[in-house]
Amino acid sequence: MTQATAPAASSSPPASPAAPKDGRTSERSLARRLAARPEIGALIAAIAVYIFFFVVASPFREASSLANVLYEASVMGIMALPVALLMIGGEFDLSAGVAVTTAALTASMWSFQLSMNVWTGVIVALVVSLAIGAFNGYMLVRTGLPSFLITLGSFLILQGANLAITKLFTGNVATDSISDMDGFDQAKSIFASEIGIGGVDVKITVFYWLILAAAATWLLLRTKFGNWIFATGGSQESARAVGVPVTFTKIALFMGVGAGAWFVGMHILFSFNTVQSGEGVGNEFLYIIAAVIGGCLLTGGYGSAIGAVIGAFIFGMVSQGIVYANWNPDWFKAFLGVMLLLAALVNLWVRRQATRR
Amino acid sequence: MTDRTTSPDDAGREPEAQAEAGTEARSDAEPEAGQPIVQLRGAGKAYGNVRALHGVDLSVHPGQVTCVLGDNGAGKSTLIKIISGLHQHTEGEFLIDGEAVQLSTPREALDKGIATVYQDLATVPLMPVWRNFFLGSEMTKSPWPVRRLDIAAMKQTADTELRAMGIVLDDLDQPIGTLSGGQRQSVAIARAVYFGARVLILDEPTAALGVKQSGVVLKYIAAARDRGLGVIFITHNPHHAYMVGDHFSVLRLGTMELSASRADVTLEELTNHMAGGAELAALKHELAQVRGVDVAGLPEEHDLQAPLAASKGKS
Ligand SMILES: Nc1ncnc2c1ncn2[C@@H]1O[C@H](COP(=O)(O)OP(=O)(O)O)[C@@H](O)[C@H]1O
Ligand SMILES: [Mg+2]
């Protein structure tokens, strides 16, 4: 990693500061450059969805409704962020949904069965979650199998283990409530409290979500690691050939998804006191959908963290908006499917525009 | 860990000319320019049961251009992928500064000062030009908690280096996939030259380029040599090779057919070897039957002492 090598081309003549432009490409217009941003399609869609529900559902217009929408979006969005980074790095994680439940179950049962402070369970759950991510990543880089296959395997393993181990210890499909255990109140204030803003209670996850989104954006665009993520997803072999640590990057991205699963798992545990062991199945697709609606390319190498935020926000608006509009909630999935297809088409168009010569 | 088929020789001694039957091997006694930076001795590589390379000797000296020529599929890319750490050799020896090595990642090669421009893996298409230029060797600024990419400096440097190479781009933020093949190759070369400390490997850099850009690349190769870099220049164009080369190695079906220094070989001989001597002679006889094709300039079979093994496929 040394950059001590002196620039070798120092003998070349210094370019004059006002060196001529090629001249054949006209300066791209502001609109064209904006359209080249991965998340612009999603932003347009988000505004459209907001206006739509604003018009058709009057309760949607209240501030407390917006707080609910943001809460829905944040629980999904905290996971959508690492999933989006993983997708930009060229991989999927189908075990992300049940991994959230695994984290919550681990913390809950560890604390309850051993009658220990809940924080010990929280730490153990973090270790387990990171280990699951590391396992996925390690298997991927060792075998070279597609991540679809490997994480489908870990999805099934976790889904089965969640149910079986919970029944083994509790004789039930849900864990016992840990609300009266040591450290619970403190952990709840960290993972599942509310903050009042102008008379409206906003769940703390909303703030974590936005902070994490800013951190993920910084990571992607302003650090070496972000460069490696784009390169690994864009062309793994080219990246490896110029010295990018592709193996490290992939394992780290999977562990990032593990960390996200841990965080959301802790939120669920300390919100509801108990955990349903069959929860989480299917959520992995919601995370992927949020990332795709936000402009992440399924094949990797392109996308943004802000896009995943907007994707999750659209998800929150649709799931809550349908309730406020008094529609049958069954429409939610249908609506989401339409959004996904539209997003895919918009992304396709945007990318063609952006890369047009 | 490595099973070597040959015992390590005296590091300074050039291997004897390969005395394979029918191979016209010239004496390798070229003027020694100190210890070679990179040396292959009887190196080979098998992809499963495909023996892509066998018994290849090659040395790269500082301040010299070593040209590797050969037809498509001759094993040129395989040869340089061994040197650049992308593949491991399966036979023979690979020495850097006289020490036997087995590189397992391109990063190791880069850290030893070997920079490579690959024919097929030069760039990441969806990433901006400047990010591609610095990929894997990014510039950063500020201490850790706020440690970040020095974007302004990287763009500035990339722009300067590319202009020096004769590539003028309006927008370094455009995805590199929107450039022409030749421009992409030039960016990759400019990058390798910029980061290449001791050895620069170029895999068919001029294959996708126009006349002017090829000239620029050749000038770059000469400039790198004059700065004391060892250059491995892979091409199937003997004219390009002869313009800058100090030593020429011709690969044919994975083995070394010719290894000669500049003083021992003429452009004509090189061209004939490249063209696959015997096949060209056979082609000449065929073309002679067709009116309007001037075959006077083509060599006769007896002009060439190339192996006749490959004259199959001709009626
Ligand atoms: N990854 C690979 N797996 C199997 N065979 C390969 C691989 N790479 C190259 N080969 C084979 O090795 C031979 C030499 O290829 P290559 O070194 O790319 O030739 P060149 O660069 O001279 O055109 C060819 O027959 C090719 O099919
Ligand atoms: Mg090749």
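Computed from a predicted structure; not experimentally measured. Within every chain, numbering begins at 1; the chains are lettered A, B, ... in the order of the sequence lines, protein sequences first and strands thereafter.
- For A/Phe207, the CZ atom is densely surrounded, since the number of other residues' heavy atoms within 6.0 Å is greater than 12.
- For A/Val127, there are no side chain to side chain contact (heavy atoms under 4.5 Å, CB included) partners two or more places apart in sequence or in a different chain.
- Ranked by heavy-atom pairs under 4.5 Å with chain B, the first of A/Ala239, A/Gly226, A/Ala231 is A/Ala231.
- The closest side-chain heavy-atom distance from A/Leu297 to B/Leu126 is below 4.5 Å.
- B/Leu149 and A/Lys224 make their closest contact through CD2-N, 3.6 Å (heavy atoms, listed as atom of the first residue, atom of the second, distance).
- The local environment of CD in B/Glu99 is sparse, with at most 12 non-hydrogen atoms from other residues, nucleotides or ligands closer than 6.0 Å.
- Looking at heavy atoms from C-beta onward, A/Leu221 lies out of side-chain contact with B/Arg148 at the 4.5 angstrom threshold.
- Every ring pair (Phe, Tyr, Trp, His ring centres under 6.0 Å) that B/His87 has, sequence neighbours left out, goes to B/Tyr47.
- When all heavy atoms of B/Met127 and A/Asn227 are compared, the closest pair comes out as CE-OD1, 3.4 Å.
- Summarising the geometry of A/Val242 relative to B/Leu110, their closest heavy-atom pair is O-CD1, 3.4 Å, with the distance given to 0.1 Å.
- Only the side chain of B/Ile151 has a heavy atom closer than 4.5 Å to any heavy atom of chain A.
- Between B/Ser104 and A/Arg240, the shortest heavy-atom contact is O-NH1, 4.1 Å.
- Other residues, nucleotides and ligands place no more than 12 heavy atoms under 6.0 Å from the OH atom of A/Tyr138.
- Residue A/Ala241 comes nearest to B/Pro106 through the heavy atom pair O-CB, 3.5 Å, listed as atom of the first residue, atom of the second, then distance.
- Of the inter-residue distances, the one linking A/Ser238 atom OG with B/Ile176 atom CD1 reads 10.0 Å to the nearest 0.5 angstrom.
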